[in-house]
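Start at 1 and go down the list; that is how both ligands and their atoms are numbered. Please read all numbers here as calculations on a predicted model, not as lab measurements.
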Amino acid sequence: MSPNIKVALFSAQKYDREYFDSATQHLPMQVEYFESSLSHKTVALARGFDVVCVFVNDELQSNVIQQLDEMNVRMIALRCAGFNNVDLEACREHGLPVVRVPEYSPFAVAEHTFGLILTLNRKIHKAFNRVREGNFSLEGLLGFDLNKKTIGVIGCGNIGSRVARIAHGFGMDVLLVDPNPNTELEAFGDFTDLEAALEESDIVSLHCPLNDSTFHLINDESLDRMKIGAMLVNTSRGGLIETHSVIQRLKSGQLGSLAIDVYEEEAGLFFRDRSATVLKDDVFARLLTFPNVLITGHQAFFTHEALKEIAETTVSSILSMSKGEPLEFQVGEKPALSQ
Ligand code: NAD
């Protein structure tokens, strides 16, 4: 490896440049920023680089991994926690280590989750526009107290555990669902199974990872278990929700409201200004028509603290790789390191 580690950073935004430039100052590391996402169409851009640094919607299937290996790319650095967009099996076959940033700011996502819950419940987004137009009517802005309502927190890891604590602070009854229960959380809620949490919760908030067993966790069957008029919140990954089923129940009124920061087909949609182009995704367009649906474009992570931590942890993993040191935040099995 050359003394200057060469990093190709895909799906680059202005803020990535700012935080990574700051984190790599004075380091033997050269970062080149590519606005395009990494996929089979753009993988050729990675030629000549030691590391590819990617985000949530880059697509690293086996053909991309194979080409990265052929180009002598030595590591994939995810600047996010989730790794559902990477074929880990292919990475193992090619001995290509994958690192991630497992905990950059769980507070950022947990706080945004409550931002969505409060906004949707108290219609703050509508009130903001009304007041600016001189309309001070309260008609249609009625919400409910969070105090004494029940929230089901599905997935109680870094983020879900913070959501549980915040909910407890609001005086909510908290139902916790996790195959690996963390007993410390019993001070803030009660562990139960998914079925019970769906049946008893006024708000269901998703914080489990997307994998084969959680894909479309929220589907016809699970939605029919939920209380009539309940709120569904997803700040985890879009694939947890079967969107067509949700739309049906929003139309019938069975589902009371929906707040999402993630969407199954968000790749190619989020993280860009598309205000002057025609929206081609009819399912997403339908979601936008509901008065009781609130959508943000995958911004839950987006705080100063999180971006700083993401850049610093990623850079530190890249340095460890270049020195042949163990990779603290490696995903999956540890293949042999190439020096
Ligand atoms: P984590 O690994 O710390 O926690 C996930 C928890 O889910 C674990 O405790 C795990 O045991 C549990 N779990 C696994 N399968 C489950 C199931 N079937 N039912 C219930 N629980 C299950 O992850 P985290 O840091 O808390 O992040 C959670 C998810 O949030 C990530 O996977 C990522 O996809 C998403 N995320 C979104 C944003 C955003 O900006 N919107 C930012 C960061 C992370």
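Among Ala81, Pro179, Gly155, the residue whose heavy atom lies nearest to atom 16 (C) of ligand 1 is Pro179. Relative to atom 6 (C) of ligand 1, the option among Val56, Asp178, Asn234 with the closest non-hydrogen atom is Asp178. Within the set Arg237, His207, Glu103, His298, the minimum heavy-atom distance to atom 28 (C) of ligand 1 is found for His207.
Of the protein's heavy atoms, none falls inside 4.0 Å of atom 23 (O) of ligand 1. Atom 2 (O) of ligand 1 lies below 4.0 Å from none of the non-hydrogen atoms of the protein.
His216 and Glu264 are linked by a side-chain donor-acceptor pair at a separation below 3.5 angstrom, with hydrogens and angles left out of the test. With no hydrogens or angles considered, no side-chain donor-acceptor pair links Ser236 and Asn234 at under 3.5 Å. With 3.5 Å as the limit, one finds a donor-acceptor pair spanning the side chains of Tyr19 and His304. At a cut-off of 3.5 Å, with distance as the only test, no side-chain donor of Ser245 or Asn219 sits close to an acceptor on the other residue.
By the ring pair (Phe, Tyr, Trp, His ring centres under 6.0 Å) test, Tyr15 pairs with Phe302, sequence neighbours left out. Under the rule for a side-chain hydrogen bond (donor to acceptor under 3.5 Å, both in side chains), the partners of Thr235 that lie at least two apart in sequence or sit in another chain are Thr113.
For Phe83, no heavy-atom contact with ligand 1 is shorter than 4.0 Å. Looking at Thr214 against ligand 1, only its side chain comes within 4.0 Å, counting heavy atoms. Contacts between Asp261 and ligand 1, counted as non-hydrogen atom pairs separated by less than 4.0 Å, involve the side chain only.
Within a 6.0 Å sphere centred on NE2 of His125, other residues, nucleotides and ligands contribute more than 12 heavy atoms.
Among Val98, Asp58, Val101, the single residue meeting the side chain to side chain contact (heavy atoms under 4.5 Å, CB included) criterion with Leu78 is Val98.
Not a single heavy atom of Pro106 sits less than 4.0 Å from an atom of ligand 1. Using 4.0 Å as the threshold, Leu210 has no heavy atom nearer than that to any atom of ligand 1. Contact annotation: Ser236 has at least one heavy atom less than 4.0 Å from an atom of ligand 1. Judged by the shortest distance from any of its heavy atoms, Phe302 lies outside the 4.0 Å radius around the atoms of ligand 1.
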Test Glu305 against Lys308 for salt bridge (Lys or Arg N to Asp or Glu O under 4.0 Å), laying out the working first. CA-CA 5 Å; Glu305 290 77 5; Lys308 191 165 178 288; over 6 Å; no
Test log, rule ring pair (Phe, Tyr, Trp, His ring centres under 6.0 Å), inputs Phe55 and Phe301: CA-CA 12 Å; Phe55 196 48; Phe301 73 100; 5.3 Å; yes
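The distance criterion of under 3.5 Å between nitrogen or oxygen atoms is not met by Asn211 with respect to ligand 1.
Those atoms of ligand 1 that come under 4.0 Å of a heavy atom in Ala300, given as number and element, are 39 (C), 40 (O), 41 (N). Close contacts of ligand 1 with Gly157, meaning ligand atoms under 4.0 Å from a residue heavy atom, involve 3 (O), 4 (O), 6 (C), 9 (O), 26 (O).
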